[in-house]
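Structure record follows, encoded as C-alpha cells.
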2 protein chains.
Amino acid sequence: MKTMESQFGEKIRALRAQQQLYLRQVAPWLEMDTAQLSKIEKGLRQLKREQISTIANILKADTDELLTLWLADQIYAVVKDEKLANEAMQATEEKIKHKKTKQE
Amino acid sequence: MKTMESQFGEKIRALRAQQQLYLRQVAPWLEMDTAQLSKIEKGLRQLKREQISTIANILKADTDELLTLWLADQIYAVVKDEKLANEAMQATEEKIKHKKTKQE
DNA sequence: ATACATTAGCCAATATTTGACAAGTCAAGA
DNA sequence: TCTTGACTTGTCAAATATTGGCTAATGTAT
C-alpha cells in the first residue's frame with residue numbers, strides 16, 4: 001500500500017502516544033472506528049476540517065497548531081511532485097496579501 | 001453566481017485577448033465548448049492539469065508560468081479564508097525542503 | 001494458543017466535479 | 001427594432017473521487 005506522509009497524522013499519533021491512549025479510546029469521540037483513525041494517522045484519509053478542534057481537545061493539544069499541519073497536508077497534496085511548488089506558493093502568498101490589503 | 005477569483009483564468013483570458021481569439025476558436029482544441037472555457041476563465045471550473053501545456057501552446061504562452069498560476073489557484077482554494085494560511089504554507093515549504101534534502 | 005492493538009483490503013454509500021446542452025444577457029450593426 | 005455573434009448562466013445527469021463500515025490479516029506480548 002502506498003503510504004503517503006502526513007504531518008498532521010504523525011503529530012496526532014505522537015500526541016496520542018504521549019497521552020497513552022489507544023486508537024479505540026480516541027476513535028469513538030470522532031465517530032469513527034479504529035481502522036479509519038489509523039488511516040488518518042498514516043495520511044491515507046483526511047480528518048474533516050471541523051473535527052480538528054475535537055481531536056485537539058481529546059489529545060490536549062493546540063487547535064491552531066493542528067490546523068496548521070492539517071492545512072499543510074492539503075497544500076502538500078497539491079504541490080508534491082511539482083517542480084514549481086515554491087513559485088506557486090509564492091504567487092499564492094502575494095494573492096493573500098492583496099486580499100488583506102483590499103479588506104482594510 | 002459566486003464568482004471566485006482565479007489567477008490562471010484571468011491570465012488566459014488576457015492572453016486570449018492579446019491573441020485576438022474568441023472562445024470558440026480556443027475551446028475546440030481543449031475538447032470543450034465555449035461555456036466550459038468561459039467558466040474556466042472565471043475560475044468556476046478548473047482546467048485539467050495535463051491540458052495546461054496545450055493551452056499554453058494555443059495562446060503562445062509559457063507553460064511554466066501558466067502552471068504556476070494554476071497551482072496557485074489550487075493552493076488558494078485550500079487556504080482562502082484560513083487565518084493560518086501563511087503558517088501552513090511555511091510548514092509546507094519546510095516539508096518540501098526536507099524532501100529535496102533526502103533525495104540528494 | 002489467546003488477547004489485543006493496529007493495519008490492509010474491499011466495496012457500497014456519499015460527495016464532488018465535470019460535460020453537455022439550453023437559454024439568457026449584452027453590444028454592435030443593419 | 002430585429003438580428004447576429006460573443007459570452008455567460010443554469011441545470012442536471014454522468015463521471016470521479018472520497019469516505020465509512022466491515023472483515024480479515026498482521027504483529028506482539030503473555
Side-chain angles (χ1 to χ4, degrees), chain A residues 1-52 54-55 58-59 69-82, chain B residues 1-52 54-55 58-59 69-82:
Chain A
M1 184 193 280
K2 180 176 50 177
T3 163
M4 50 187 58
E5 330 171 37
S6 161
Q7 303 195 76
F8 177 79
E10 284 169 20
K11 184 66 182 182
I12 63 173
R13 172 150 300 193
L15 287 166
R16 183 169 62 81
Q18 213 168 22
Q19 299 290 321
Q20 305 195 81
L21 295 170
Y22 298 126
L23 288 175
R24 77 178 150 76
Q25 295 173 291
V26 175
W29 294 100
L30 300 167
E31 301 181 274
M32 61 179 66
D33 67 9
T34 60
Q36 274 177 90
L37 184 52
S38 170
K39 284 168 189 165
I40 286 167
E41 288 186 349
K42 307 192 119 225
L44 300 167
R45 286 280 195 289
Q46 298 304 126
L47 190 67
K48 284 203 178 64
R49 161 72 239 232
E50 27 346 321
Q51 289 179 305
I52 294 171
T54 304
I55 201 166
I58 299 168
L59 300 178
L69 294 177
W70 184 90
L71 286 169
D73 281 354
Q74 315 305 308
I75 297 170
Y76 187 73
V78 170
V79 301
K80 89 175 130 88
D81 305 333
E82 294 287 354
Chain B
M1 185 193 278
K2 178 175 53 179
T3 164
M4 50 187 56
E5 328 172 37
S6 160
Q7 303 195 76
F8 176 79
E10 283 169 20
K11 184 65 181 183
I12 62 173
R13 171 150 300 193
L15 287 166
R16 183 169 63 80
Q18 214 167 22
Q19 299 291 322
Q20 305 195 79
L21 295 171
Y22 297 127
L23 288 175
R24 77 180 149 73
Q25 295 173 293
V26 175
W29 295 100
L30 300 167
E31 300 181 275
M32 60 179 65
D33 66 10
T34 60
Q36 274 177 94
L37 184 51
S38 170
K39 283 169 189 168
I40 286 168
E41 288 186 349
K42 307 193 119 225
L44 301 167
R45 287 279 197 289
Q46 297 305 125
L47 190 67
K48 284 202 179 64
R49 159 75 237 232
E50 38 326 337
Q51 291 179 306
I52 293 171
T54 303
I55 201 166
I58 299 168
L59 300 178
L69 294 177
W70 184 89
L71 287 169
D73 281 353
Q74 315 305 309
I75 297 169
Y76 187 72
V78 171
V79 301
K80 91 174 128 84
D81 305 333
E82 295 286 354

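All heavy atoms count here, side chains included; hydrogens, waters and symmetry mates do not. The chains referred to below are lettered A, B, ... by the order of the sequence lines, with proteins before strands, and numbering in each begins at 1.
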Contact list (N/O, under 3.5 angstrom) for nucleotides 24-30 of chain C vs protein:
none

**Report entry** Rounded distance (Å) that lies between atom P of C:dT17 and atom CD of B:Gln51
**Finding:** 17 Å
Requested in this report: Apply side-chain contact (heavy atoms from CB on, under 4.5 Å) to the pair B:Gln36 and B:Leu30, showing each step before the final yes or no.
Outcome: CA-CA 10 Å; B:Gln36 274 177 94; B:Leu30 300 167; over 6 Å; no
Query raised in the report: How would you list all residue pairs meeting salt bridge (charged side-chain N to carboxylate O under 4.0 Å, His left out) that involve residues 10-19 of chain A, not counting sequence neighbours?
Result: A:Lys11-A:Glu65, A:Arg13-A:Glu41, A:Arg16-A:Glu41
Requested in this report: Identify the residue among A:Met32, A:Arg45, A:Lys42 that makes a side chain to side chain contact (heavy atoms under 4.5 Å, CB included) with A:Leu37.
Outcome: A:Met32
Report summary line: Separation between CH2 (B:Trp70) and CD (A:Glu82), nearest 0.5 Å, reads 7.0 Å
Requested in this report: Drop me the distance from A:Ile12's CD1 to A:Leu15's CG, to the nearest 0.5 angstrom.
Outcome: 8.0 Å
Query - Minimal non-hydrogen separation, A:Gln51 against A:Leu47, with atom names - result: OE1-CD1, 3.3 Å
Requested in this report: Among residues two or more places apart or on two chains, list those pairs meeting salt bridge (charged side-chain N to carboxylate O under 4.0 Å, His left out) that have a residue in residues 24-36 of chain A.
Outcome: none
Query raised in the report: With a 4.5 Å limit on heavy-atom distance, are the side chains of A:Trp29 and A:Ile55 in contact?
Result: no
Just the table, please: protein N/O against nucleotides 27-30 of chain D N/O, every pair under 3.5 Å.
none

Query raised in the report: Is the phosphate of C:dA20, meaning OP1 or OP2, less than 4.0 Å from a side-chain N or O of B:Arg45?
Result: no
Query - Audit row: A:Lys80, A:Glu5, salt bridge (Lys or Arg N to Asp or Glu O under 4.0 Å) steps and yes/no - result: CA-CA 11 Å; A:Lys80 89 175 130 88; A:Glu5 330 171 37; over 6 Å; no
Query raised in the report: Under 4.0 Å between a side-chain N or O of B:Arg13 and OP1 or OP2 of D:dT8?
Result: yes
Query raised in the report: What is the distance, rounded to the nearest whole Å, between atom CD of A:Gln74 and atom C1' of D:dT18?
Result: 12 Å
Query - Nearest-angstrom distance from the residue atom NZ of B:Lys39 to C1' of D:dC12 - result: 11 Å
**Report entry** Atom-to-atom span, CD1 of A:Ile40 to P of C:dT6 - whole angstrom
**Finding:** 14 Å
Query raised in the report: Residues from residues 20-38 of chain B sitting under 4.0 Å of DNA chain D, heavy atoms only?
Result: B:Tyr22, B:Leu23, B:Arg24, B:Thr34, B:Ala35, B:Ser38
Requested in this report: Please identify each residue that fulfils side chain to side chain contact (heavy atoms under 4.5 Å, CB included) with A:Gln7, with sequence neighbours left out.
Outcome: A:Leu69, A:Ala72, A:Asp73, B:Ala91, B:Lys95
Report summary line: To the nearest 0.5 Å, atom CG of B:Leu44 lies from atom OG of B:Ser6 at 9.0 Å
Report summary line: From CG of A:Leu44 across to P of C:dT6 the rounded distance in Å is 16 Å
Query - A:Lys42 NZ to D:dT26 C1', straight-line distance once rounded to whole Å - result: 12 Å
Report task. Measure from CD on B:Glu41 to C1' on D:dA6 and round the result to the nearest Å. Result -> 12 Å
